[in-house]
Each structure stands twice: as C-alpha cells, then as structure tokens.
Amino acid sequence: MKDSSIQSFIAGLPKTELHLHIEGTFEPELMFKIAKRNNLTIPYADVDELKRAYSFNNLQEFLDIYYAGASVLIKEEDFYDLTWAYLTKVHEQNVKHVEIFFDPQTHTDRNIPFEYVLNGIYRALEDGQEKLGISFKLIMSFLRHLDEASAFKTLEQALPYKDKIVAVGLDSSEVGNPPSKFKNVFQKALEEGFLTVAHAGEEGPSEYIWEALDLLKVTRIDHGNRCLDDPKLLQRLAQEEMPLTLCPLSNLELKVIQDLKEYPLLTMMEHNLLVTIHSDDPAYFGGYMNENFSGIAIALDLSKSQIATLAKNGFKASWLSDKKKQEYIQEIDLYLLSH
Ligand SMILES: Nc1ncnc2[nH]cnc12
Ligand SMILES: [Zn+2]
C-alpha cells in the first residue's frame with residue numbers, strides 16, 4: 001500500500017491515546033511563551049536550538065531534558081494551556097478518547113501547589129470534552145526515582161480528588177527502581193479505589209513486568225517491550241488479555257530499538273497480545289498518534305485490517321464503558337469496510 005494511502009487511512013481512523021505524559025506534549029514554542037510570561041529563562045537561544053537538543057541515547061538523557069522543560073510551568077493557567085494545546089492537536093488526528101498521565105511530584109517538588117497542576121489540567125480536559133468531544137480519564141504517576149515515602153505524600157494529596165483522578169501509574173527512571181519498591185503505596189491506592197498501571201519492561205527486565213502484575217495489580221502495562229524475553233510471561237499476558245501500551249517513536253528515539261523495521265509488534269500480535277499504539281511524549285519524540293501509527297504501519301508494511309485491529313485494541317484496553325467501546329469498535333469496522 002502507498003505511504004500516502006496508509007497515512008490518510010490512519011488519519012480518518014477513530015483512535016484513543018492511553019499512554020501520554022502531558023508534560024511530554026510541551027512543544028518548544030509554547031515552552032518559550034510560558035517561560036517568558038513567567039519571567040523565566042530557558043538555557044537555549046531559541047526554539048531551533050532547543051529542538052536540536054532533543055537527541056537521546058537512553059531514557060535518562062530524555063528525562064533530564066523533560067524535567068527541565070516542565071520547570072517553567074508555574075501557574076494553573078500554564079497547566080491549562082499545556083493540556084488544551086495537546087487536545088486541539090489530537091482533535092485534528094481523530095483521537096476520540098484520552099487517558100493521560102501527569103507527574104505531580106515534578107511540580108510539587110518545586111513548591112507548585114498540587115491544586116494548580118490538577119485544576120489546570122482538569123479544566124482543559126473538561127473543555128476538551130465539551131468543545132472537542134474528546135472524552136478523558138486522568139492518571140496520576142509516581143516518579144520511581146524518588147522514594148515510596150514521597151509517593152505516599154502524593155497519594156495523600158490526591159485523596160480529595162478521587163472524582164478527577166481514576167488511576168495511579170509509575171514512571172521515570174526504570175532500571176534500579178523496580179515496581180516492588182512501590183508495592184505498599186500501590187496497595188493503599190487500590191484500597192482507596194484507584195486503578196493501577198505501570199511502566200515496566202521499557203528498559204527494565206521482564207521481572208519488572210511480573211512485579212507490576214503481581215504486586216501492583218496493574219490493569220495495563222506501559223511499554224512492556226521486554227516481555228518477549230520470557231515465554232511464560234508472554235503466555236500469561238495473552239491469557240489475561242493484559243494490554244501493552246506501546247510507543248514506537250519513543251522506543252526509537254530512546255534507542256530501545258534501533259529501527260522501526262525491527263519493532264517486534266508482529267511477534268507480539270502473533271502471540272495474541274493485546275497491543276495498542278500511543279505517543280508517550282510527542283513533543284520530544286517527533287510524533288503524535290497518527291505519526292506513531294503511520295511510522296510503524298509503513299515500517300512493518302501493516303495491512304489496513306492490522307492497523308484497524310490496533311485502533312480497536314486501544315478502545316478495548318481503555319476504561320470507557322463497554323457500550324462506548326462497542327460503539328467505537330463498530331465504527332472502526334465500518335470505516336475499514338468503506339476504505
Ligand atoms: N517513556 C517514559 N518512560 C518513563 N518515564 C517517563 N516519563 C515520561 N516519559 C517516560
Ligand atoms: Zn511513558
């Protein structure tokens with residue numbers, strides 16, 4: 001199939017984003033604008049110079065720049081503007097539903113009130129639902145390079161907002177910070193009624209995926225690439241229909257893989273894994289949902305039916321109601337028949 005026809009097929013396909021760090025959507029132009037209005041300087045002369053710094057050899061090199069970029073977010077309106085910019089962008093890409101991460105400790109550790117972060121993001125999500133028709137769920141991530149005591153403090157801050165935050169997640173530097181380090185705070189979050197997800201097997205070993213399943217009781221694994229090292233784990237993930245929220249351009253930019261052509265997506269699909277496609281940190285990795293879908297579809301020469309399956313998997317793996325899931329799955333089936 002011609003690249004242009006794959007791209008236009010993907011553009012019109014209803015999609016859902018389940019692995020997206022809102023601080024990872026911070027485009028350089030907006031970063032300079034917000035830094036200026038907060039009288040803060042960015043240690044780069046201009047947008048182009050900043051973009052040139054976006055070349056990474058591993059996750060940590062990215063995280064260092066990602067946290068530095070987030071440090072210009074100060075006021076509630078900054079978090080609103082960041083989120084609204086993301087929603088308008090993905091509205092153009094036919095994204096119907098988003099379940100996104102935010103990293104409160106990145107901001108509260110800079111003495112930004114938790115409420116500024118939450119209210120700014122949430123107000124934009126509500127506006128996105130009302131004005132753009134994009135439904136949403138919000139996930140609060142614990143930073144795994146910090147200790148569990150800090151995660152407990154963050155969970156405490158979230159308790160009054162259970163109506164706004166549906167789940168907790170685990171992100172940041174993976175190797176050396178196994179899920180087991182956070183089993184108590186996840187246990188408490190589960191008791192408080194939160195769902196749980198976790199980054200596991202991005203750079204960390206497949207043991208981290210086992211721990212996320214058994215100790216954090218996750219309903220999804222974020223990334224999960226290293227599951228392929230462990231046949232027993234593959235079997236379990238398939239049996240349990242445990243979603244893996246894959247991010248091809250992220251894995252490419254962070255050198256988890258060297259070329260999209262070697263992305264093990266087809267192997268995962270052959271093992272009947274419930275794999276989904278997402279953008280992780282699109283401002284840093286060069287693409288949103290459509291670019292992730294078309295990048296992997298072109299590299300692996302996927303058929304329209306395989307692309308449609310990936311989009312349907314996203315809705316299946318979401319926390320939408322069964323009725324809404326079915327509606328989107330039928331919409332995709334009809335779209336496939338007519339394109
Ligand atoms: N890909 C990623 N892995 C871990 N932590 C992150 N925070 C933002 N993006 C991340
Ligand atoms: Zn991520």
Could you report the tightest heavy-atom contact between P248 and H278, atom names first, then the distance? CD-O, 3.9 Å
K51: what forms a salt bridge (charged side-chain N to carboxylate O under 4.0 Å, His left out) with it, not counting sequence neighbours? E29
Quick one: do K89 and E27 make a salt bridge, cutoff under 4.0 Å? no
Quick one: pull up CZ in R236 and CD1 in I209 and give me the separation to the nearest 0.5 Å. 11.0 Å
Name each donor-acceptor pair under 3.5 Å that joins a side chain in residues 332-339 to protein atoms two or more places apart or in another chain, with its distance.
from, atom 1, to, atom 2, distance (Å)
D333, OD1, K312, NZ, 2.6
Y335, OH, F9, O, 2.7
S338, OG, L334, O, 3.0
S338, OG, Y335, O, 3.2
H339, ND1, Y335, O, 2.8

Qualifying residues under side chain to side chain donor-acceptor pair (under 3.5 Å), relative to E203, sequence neighbours excluded: none
Got a sec, which residues hit salt bridge (charged side-chain N to carboxylate O under 4.0 Å, His left out) with R144, two or more places apart in sequence or on another chain? none
Does the side chain of Q157 pick up a donor-acceptor pair with the side chain of T108 at under 3.5 Å? no
Is a donor on one side and an acceptor on the other found under 3.5 Å between the side chain of N38 and the backbone of L40? no
My understanding is that only residues two or more places apart in sequence, or in another chain, count here; which of them pass side chain to side chain donor-acceptor pair (under 3.5 Å) with D229? R226
Without swapping roles, check the side chain of T83 against the backbone of F79 for a donor-acceptor pair under 3.5 Å. yes
Which residues pass the salt bridge (charged side-chain N to carboxylate O under 4.0 Å, His left out) test with K188, not counting sequence neighbours? E192
E291: which residues meet the side chain to side chain donor-acceptor pair (under 3.5 Å) condition with it, sequence neighbours left out? Q93
Check residues 127-136 and write down every donor-acceptor pair under 3.5 Å in which the side-chain atom is one partner and the other belongs to a residue at least two apart or another chain.
from, atom 1, to, atom 2, distance (Å)
D127, OD2, Y80, OH, 2.5
S135, OG, K96, O, 3.4
S135, OG, H97, ND1, 2.7

Electrostatic pair K183:D214 at N-O distance under 4.0 angstrom: no
Restricting to side chain to side chain donor-acceptor pair (under 3.5 Å), what partner residues turn up for H145, sequence neighbours left out? S172
Do D109 and Y67 pair up side chain to side chain, a donor and an acceptor below 3.5 Å, judged on atom types alone? no
Test salt bridge (Lys or Arg N to Asp or Glu O under 4.0 Å) on D147 and K181 and set out the steps. CA-CA 8 Å; D147 61 19; K181 177 179 168 186; over 6 Å; no
Roughly how far, to the nearest 0.5 Å, is the CD1 atom of I6 from the CG atom of D301? 6.5 Å
Side chains of Y284 and E23 only: does a donor on one sit below 3.5 Å from an acceptor on the other? no
Between CG of N225 and CG of L246, what distance do you get to the nearest 0.5 Å? 6.0 Å
Run the side-chain donor-acceptor check on residues 119-126: report pairs under 3.5 Å with partners two or more places apart or on a different chain.
from, atom 1, to, atom 2, distance (Å)
N119, ND2, E115, O, 3.2
R123, NE, E76, OE2, 2.8
R123, NH2, E76, OE2, 3.1

If only atom types and distance count, is the side chain of D280 paired as donor or acceptor with the main-chain N or O of S250 below 3.5 Å? no
Would you tell me whether D103 and H21 have side-chain atoms, one donor and one acceptor, within less than 3.5 Å of each other? no
Check which hydrophobic residues are tied to W319 through side-chain heavy-atom contacts below 4.5 Å, counting indirect links as well, and list them. F101, I139, V166, L195, V197
Q60 and S173: side chain donor to acceptor below 3.5 Å: yes
State which residues pass salt bridge (charged side-chain N to carboxylate O under 4.0 Å, His left out) with K325; sequence neighbours excluded, sorted by chain then number. none
Assess whether a salt bridge exists between D81 and K33, defined as any Lys/Arg side-chain N lying under 4.0 Å from an Asp/Glu carboxylate O. no
